There are 2 protein chains.
Amino acid sequence: MHSFTEENYLKTIYYLAARQEGEVTTNSLAEMTATKAASVSDMLRKLAEKQLIHYKKYQGVRLTAEGERLALKVIRRHRIWEVFLAEKLGFGWDEVHEMAEELEHIRSEELVEKLDAFLGYPQFDPHGDPIPSPAGQMPAVEYSKLSEVGVGTEVQVMGVLEHSPEFLQHLDKTGLNLGCRVRVQDINTFDKSVSVQINQEKTLFVSNEVARNLLVN
Amino acid sequence: MHSFTEENYLKTIYYLAARQEGEVTTNSLAEMTATKAASVSDMLRKLAEKQLIHYKKYQGVRLTAEGERLALKVIRRHRIWEVFLAEKLGFGWDEVHEMAEELEHIRSEELVEKLDAFLGYPQFDPHGDPIPSPAGQMPAVEYSKLSEVGVGTEVQVMGVLEHSPEFLQHLDKTGLNLGCRVRVQDINTFDKSVSVQINQEKTLFVSNEVARNLLVN
DNA sequence: ATAAAAATTTAGGGCAGTCTAAAAATTTTT
DNA sequence: AAAAATTTTTAGACTGCCCTAAATTTTTAT
């Protein structure tokens with residue numbers, strides 16, 4: 001068995017590797033896990049001993065096959081619990097992450113599988129992120145950012161790149177929910193903000209900052 | 001906030017105090033928490049400093065009002081999660097305890113209250129144990145043990161005193177489920193075993209060991 | 001190409017919770 | 001009521017994970 005802390009490091013390495021090119025650095029891990037670089041170094045040595053990461057001193061870090069399997073297991077649990085919290089208990093998509101951070105470490109394999117069945121085998125969590133398979137495969141999804149869509153096209157909001165409660169609450173307030181249809185009417189050449197029509201109704205101005213963090217297809 | 005370990009000690013002190021007369025001893029706590037007496041002594045000092053227990057060296061231990069409130073909160077969470085696991089996910093009453101031991105430490109107050117509502121505000125967990133109120137009150141229940149019921153009376157199985165998977169699986173096998181009606185036909189004077197009729201159908205022989213651990217009304 | 005800056009690791013230590021061994025207090029036995 | 005047995009506490013140490021400060025390596029700038 002692995003500790004909560006080890007699971008969190010593996011998960012964080014996975015996320016950072018998916019987001020950046022190349023190896024994951026000690027400093028970026030320290031920032032993400034809200035610890036100091038010295039503590040990260042300690043843990044990396046330990047994870048390398050357990051063969052969960054490839055690690056050469058000063059060279060950054062990469063998950064081994066086994067490490068990635070474990071990371072995806074944790075991410076699967078996290079996202080399934082998020083679906084439960086949102087769909088069954090009525091929590092908002094801005095509230096579920098923090099609780100899922102704890103629930104993802106509950107150890108029973110059978111629990112998460114029964115929960116998955118109870119929820120009807122959901123494909124995506126409340127933020128539109130895909131749920132890894134029980135075997136530990138991350139489904140491929142190819143969405144664009146709203147900031148990259150051309151004028152005139154109509155797309156559907158499929159996910160978010162930024163998961164902070166503040167951002168999600170902002171989307172709630174403006175009505176940019178998952179699944180809503182968005183037609184790009186105009187792109188401001190100066191600040192790259194976008195003017196969009198939502199669900200064939202009202203028009204909305206979306207900053208580039210927001211548009212960059214909205215995934216659409 | 002309190003650590004998992006502290007919560008577990010408080011819960012265990014509550015259970016031992018409810019079961020025994022007088023103060024709870026260091027040794028009984030060591031046995032229940034699967035640690036050594038020396039470790040218990042350490043923790044008792046710490047809990048006493050935090051005013052969660054009354055503690056005089058060598059004299060055993062008792063929960064303060066605040067300590068009991070916390071213990072009942074943990075027990076409430078445990079039992080609500082057990083209901084979820086049994087009712088919604090289909091786990092057997094012999095399987096739910098272990099998972100609930102982890103789930104009971106999830107910190108969100110709102111989570112357990114929403115879960116409670118989702119489950120329809122259950123009064124009892126899958127073993128018939130009452131669920132403490134959100135305010136931290138343990139409902140009073142007055143059941144008898146099957147071993148104390150007179151010949152001829154018909155009673156209903158309301159709970160168990162022994163919670164081990166082995167005992168619960170034995171009950172499953174013999175059909176002595178929660179809620180089933182039991183008429184005492186005969187009590188063997190030698191070994192105090194009981195012959196009972198279940199649900200007006202088949203007759204069953206129940207050892208005193210089992211009868212002592214069955215709560216009925 | 002070398003000096004300065006930045007990133008990373010090592011050294012040494014802290015805290016929570018556990019342990020064993022030994023000391024102290026309480027309870028039981030005679 | 002003293003001796004023996006039992007229970008409990010203290011002392012000292014270990015592990016996991018974190019820290020600060022110092023040393024080392026890599027990267028960047030000149």
Side-chain angles (χ1 to χ4, degrees), chain A residues 1-13 16-17 19-63 67 70-71 74 101-102 104-107, chain B residues 1-13 16-17 19-63 67 70-71 74 101-102 104-107:
Chain A
M1 269 311 115
H2 304 92
S3 69
F4 282 26
T5 311
E6 286 171 340
E7 289 188 347
N8 282 333
Y9 270 92
L10 293 175
K11 185 184 61 168
T12 306
I13 294 168
L16 287 176
R19 166 178 319 170
Q20 306 158 178
E21 305 301 305
E23 320 275 303
V24 173
T25 67
T26 301
N27 262 1
S28 60
L29 278 167
E31 194 188 337
M32 282 281 280
T33 57
T35 62
K36 298 304 165 79
S39 311
V40 173
S41 275
D42 259 12
M43 182 57 84
L44 293 184
R45 195 181 29 67
K46 199 166 104 182
L47 292 173
E49 268 169 25
K50 294 194 178 184
Q51 320 245 49
L52 298 173
I53 57 174
H54 296 292
Y55 174 51
K56 271 181 253 144
K57 279 189 206 173
Y58 298 98
Q59 301 304 131
V61 77
R62 206 158 36 81
L63 292 173
L70 286 174
V74 177
E101 283 289 295
E102 296 186 51
E104 71 188 7
H105 300 294
I106 305 290
R107 288 176 189 313
Chain B
M1 269 312 117
H2 304 91
S3 68
F4 282 27
T5 311
E6 286 172 338
E7 288 189 348
N8 282 333
Y9 271 91
L10 293 175
K11 184 185 62 169
T12 307
I13 293 168
L16 286 176
R19 167 179 318 172
Q20 306 158 177
E21 305 303 305
E23 319 276 305
V24 174
T25 67
T26 301
N27 262 0
S28 61
L29 278 167
E31 194 188 338
M32 281 282 279
T33 57
T35 62
K36 296 306 164 75
S39 312
V40 174
S41 275
D42 261 12
M43 181 57 85
L44 293 184
R45 195 180 31 66
K46 198 166 105 180
L47 293 174
E49 268 167 25
K50 294 195 178 185
Q51 319 248 49
L52 298 173
I53 58 173
H54 296 292
Y55 174 50
K56 272 180 252 144
K57 278 188 205 173
Y58 297 99
Q59 299 305 131
V61 79
R62 205 159 37 81
L63 291 173
L70 286 175
V74 177
E101 283 290 296
E102 297 187 51
E104 72 187 9
H105 300 295
I106 305 290
R107 287 177 190 310

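Each chain gets a letter, A, B and so on, in the order the sequences are listed, and its residues count up from 1. Predicted model only: the values in this text are computed from it and were never measured.
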For B:Leu29 and D:dT7, give me the distance from atom CG to atom P, rounded to whole Å. 14 Å
Report the residue (A:Tyr58 or A:Glu6) whose heavy-atom-nearest nucleotide on DNA chain D is the more 5′ of the two. A:Glu6
Does the pair A:Glu7/A:Arg107 count as a salt bridge with the N-to-O cut at 4.0 Å? yes
What nucleic acid atoms does A:Phe4 come within less than 4.0 Å of, heavy atoms only: base, sugar-phosphate, or nothing? nothing
Nearest whole Å is fine: how far is C:dT26 P from B:Glu23 CD? 14 Å
Have a look at A:Tyr55 and say if it touches a base, only the backbone sugar-phosphate, or nothing, with a 4.0 Å heavy-atom cut-off. sugar-phosphate
Heavy atoms from C-beta onward define the side chain here; which of C:dT8, C:dT20, C:dT10 lies closest to that of A:Lys57? C:dT10
Going by the angle between their ring planes, with limits at 30° and 60°, are A:Phe4 and A:His105 parallel, tilted or perpendicular? parallel
Rounded interatomic separation in angstrom, taking CG from B:Asp42 and P from D:dA11: 11 Å
Would you please confirm or rule out a distance under 4.0 Å between OP1 or OP2 of C:dT9 and any side-chain N or O of A:Ser41? yes
Atom pair distance, as rounded to whole Å: CG in A:Leu44 and P in C:dT10: 11 Å
Rounded interatomic separation in angstrom, taking CG from A:Asn8 and P from D:dG16: 17 Å
Closest non-hydrogen contact found for A:Leu16 with A:Ser28 is CD1-OG, 3.6 Å
Mate of C:dT30 where both pairing distances stay under 3.5 Å, Watson-Crick or G-U: D:dA1
Tell me whether the side-chain N/O atoms of A:Thr35 come closer than 4.0 Å to OP1 or OP2 in D:dC18. no
Nearest-nucleotide check on DNA chain D, B:Gly60 vs A:Ser3; residue mapping nearer the 5' end is B:Gly60
Which heavy atom in A:Ala37 sits nearest to a heavy atom in A:Ala30, and how many Å separate them? N-CB, 3.7 Å
Between the CD1 atom in A:Ile13 and the CE atom in A:Met32, the distance rounded to the nearest 0.5 Å is 10.5 Å
note: A:Met43, atom CE; D:dT15, atom C1'; distance rounded to Å ~ 12 Å
Between D:dT20, D:dC18, C:dT18, which nucleotide has the shortest distance from any of its atoms to the side chain of A:Lys36? D:dT20
Short side-chain N/O contact to D:dT8 OP1/OP2 from B:Asn27, under 4.0 Å: yes
Among D:dT8, D:dT25, D:dT10, which is the nearest nucleotide to the side chain of B:Thr26? D:dT8
Using the side-chain heavy atoms of A:Ala38, tell me which of these nucleotides is nearest: D:dC18, C:dA7, C:dT10. C:dT10
Grab the NZ-C1' distance between B:Lys56 and C:dT26 for me, whole Å please. 15 Å
Rounded distance (Å) that lies between atom P of C:dA25 and atom CD of B:Gln59: 12 Å
